[in-house]
Amino acid sequence: LAPVTGLVGGLTGGLTGGNAGGAQGGALAPVTGLVGGLTGGLTGGLAGGGAASGSGAITDVQGALGTLTNNTALAPVGGVVNGLVDPSKGVLAPVTGLVENVTAPNGALAPVGGLVNGLVGEKGALTPVLGTVNGLVGGLTGGLSGGTQTGGTQAGTGGGGLLGGLLGGLSSKR
């Protein structure tokens with residue numbers, strides 16, 4: 001992933017103090033400068049890199065992504081996305097930190113954060129659906145990813161998901 005993080009670091013380098021390995025100023029400096037200028041007057045000069053009081057929309061979406069991908073073959077995708085968008089330490093923290101802060105309960109866009117939380121937050125309306133989809137994805141890919149969701153990969157040894165059961169049954173007939 002070094003080429004990807006290098007490219008993203010080049011875009012955000014100056015905004016993260018050069019921690020991402022990019023050049024001073026970064027290509028996103030005008031964007032975060034504009035967003036910071038617009039939201040700074042409304043929220044008391046919040047800077048990116050951490051939630052204000054409570055969590056904002058980014059943290060809620062990260063939680064939803066975790067609910068959807070954890071313990072499935074898609075877990076690495078969730079890890080990469082979180083590495084990019086984490087408002088505290090992600091590569092895009094200068095931008096996502098601003099969004100996190102303005103959508104926090106005391107931020108200027110708190111109603112937007114409240115809506116996102118109501119949909120995908122820890123107790124959001126869609127959280128049970130995401131959990132169900134996670135179970136389906138884990139069940140379907142369990143045999144392909146070594147049975148991470150439901151156990152073994154051969155038929156009769158813990159299931160291994162739908163594909164694990166099918167493939168396990170076929171592979172045992174050699």
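From a predicted model like this one, the values you see are computed outputs, not experimental measurements.
Judged by distance alone, the side chain of T103 and the main-chain N or O of I58 form no donor-acceptor pair under 3.5 Å. Using a distance-only test at 3.5 Å, with no hydrogens or angles considered, a donor-acceptor pair links the side chain of E100 to the main chain of T59.
Closest approach of P105 to A110, counting heavy atoms only: O-CB, 3.4 Å. Closest approach of V120 to A64, counting heavy atoms only: CB-CB, 3.7 Å. The shortest heavy-atom contact between D60 and G113 is OD2-O, 4.1 Å. Considering every non-hydrogen atom in both A125 and P128, the closest pair reads O-CD, 3.5 Å. Shortest non-hydrogen contact noted between T127 and T67 is O-CG2, 4.1 Å.
Rounded to the nearest 0.5 Å, atoms CG (L92) and CG (L98) are 12.0 Å apart. With rounding to the nearest 0.5 angstrom, the CG atom of L130 is 11.5 Å from the CG atom of N70. Expressed to the nearest 0.5 Å, how far CG of L119 lies from CG of L126 amounts to 5.5 Å. Rounded to the nearest 0.5 Å, atoms CD (Q62) and CG (D86) are 4.5 Å apart. With values rounded to the nearest 0.5 angstrom, L115 atom CG is found 12.0 Å from L109 atom CG. Considering CG of N134 and CG of L65, their distance stands at 10.5 Å, rounded to 0.5 Å.
Side-chain contact between L68 and L74: absent, with no pair of heavy atoms (C-beta onward) separated by less than 4.5 Å.
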